[in-house]
Amino acid sequence: MKHIPERMCVGCRKMKSKRELIKIVRDISDGQIKIDSSQKLFGRGAYICPDDNCLKLSAKKKGFERVFRTQVSYIYDQIGKKIHGG
């Protein structure tokens, strides 16, 4: 049986398959916090379900601020656009 990596969503805090989630990473090459569509960038990462409710929960709980220890309010807009296909 093949191992399926799981990660925790910063919004709902549920464990899900890594492939089901959107990865947000602080890229070690430039220090920028961004969406990692390829899920291959190196650096500090966090994951979120592609769901509006999880996005709202993570914003309310300041989930990404807690993970990255910095103000990242702009990332919520970028994730929202990704969820809605923009």
Side-chain angles (χ1 to χ4, degrees):
M1 190 168 139
K2 188 174 179 179
H3 174 71
I4 299 171
E6 290 190 329
R7 300 292 184 265
M8 183 183 291
C9 171
V10 297
C12 65
R13 313 281 295 164
K14 292 182 182 171
M15 295 296 287
K16 295 192 177 184
S17 165
K18 186 177 163 183
R19 296 252 179 237
E20 294 177 50
L21 302 170
I22 298 171
K23 182 179 180 185
I24 311 301
V25 68
R26 177 184 290 148
D27 192 346
I28 59 171
S29 65
D30 60 11
Q32 294 294 311
I33 297 170
K34 53 190 162 189
I35 295 173
D36 179 8
S37 298
S38 68
Q39 293 199 351
K40 296 197 185 294
L41 290 176
F42 292 105
R44 178 84 175 143
Y47 294 80
I48 188 166
C49 298
D51 180 81
D52 282 328
N53 291 330
C54 289
L55 185 58
K56 289 175 188 170
L57 276 171
S58 66
K60 182 179 177 183
K61 296 177 183 178
K62 298 192 181 294
F64 291 111
E65 285 83 354
R66 190 172 57 248
V67 170
F68 297 116
R69 296 187 176 107
T70 188
Q71 183 63 34
V72 291
S73 57
Y74 61 89
I75 201 71
Y76 297 104
D77 291 334
Q78 292 177 12
I79 296 167
K81 288 176 186 173
K82 180 151 180 81
I83 289 171
H84 296 104

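Nothing here was measured: the structure is a model prediction, and the numbers come from that model. As a basis for the values below, the full set of heavy atoms in this structure was taken, side chains included, without hydrogen atoms, waters or symmetry mates. When a residue number appears, it is its place in the shown sequence, counting from 1.
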Spatial distance of atom CE (M15) from atom SG (C9) [nearest 0.5 Å]: 11.0 Å
Shortest non-hydrogen contact from I24 toward F64: CG1-CE2, 3.5 Å
Distance, nearest 0.5 Å, that separates OH of Y76 from CD1 of I83: 12.0 Å
Nearest atoms (heavy-atom pairs only) where P5 meets R7: CB-NH1, 4.0 Å
Smallest separation among heavy atoms of D30 and Q32, with atom names: OD1-N, 3.0 Å
Inter-residue atom distance I35.CD1 - K81.NZ, 0.5 Å rounding: 9.5 Å
Cluster check V72, I22: I/L/V/M/F/W/Y, side chain < 4.5 angstrom: yes
Separation between CZ of R13 and NZ of K61, rounded to the nearest 0.5 Å: 6.5 Å
Joint cluster assignment, V10 & I75, ILVMFWY side-chain distance < 4.5 Å: yes
Enumerate, atom names and distances included, each donor-acceptor pair closer than 3.5 Å involving a side-chain atom of residues 38-59, sequence neighbours excluded.
unit_1, atom_1, unit_2, atom_2, d
S38, OG, D36, OD1, 2.9
S38, OG, K40, N, 3.3
Q39, NE2, K18, O, 3.3
Q39, NE2, L21, O, 3.0
D51, OD2, N53, N, 2.9
D51, OD2, C54, N, 3.2
D52, OD1, H84, NE2, 3.3
D52, OD2, H84, NE2, 3.1
S58, OG, C54, O, 3.3
S58, OG, L55, O, 2.9

From NZ (K34) to NZ (K23), nearest 0.5 Å: 11.5 Å
Fellow cluster residues of I4, listed by chain then number, with links counted only when side-chain atoms sit under 4.5 Å apart: none
From E65 atom CD to T70 atom OG1, the distance as rounded to the nearest 0.5 Å: 8.5 Å
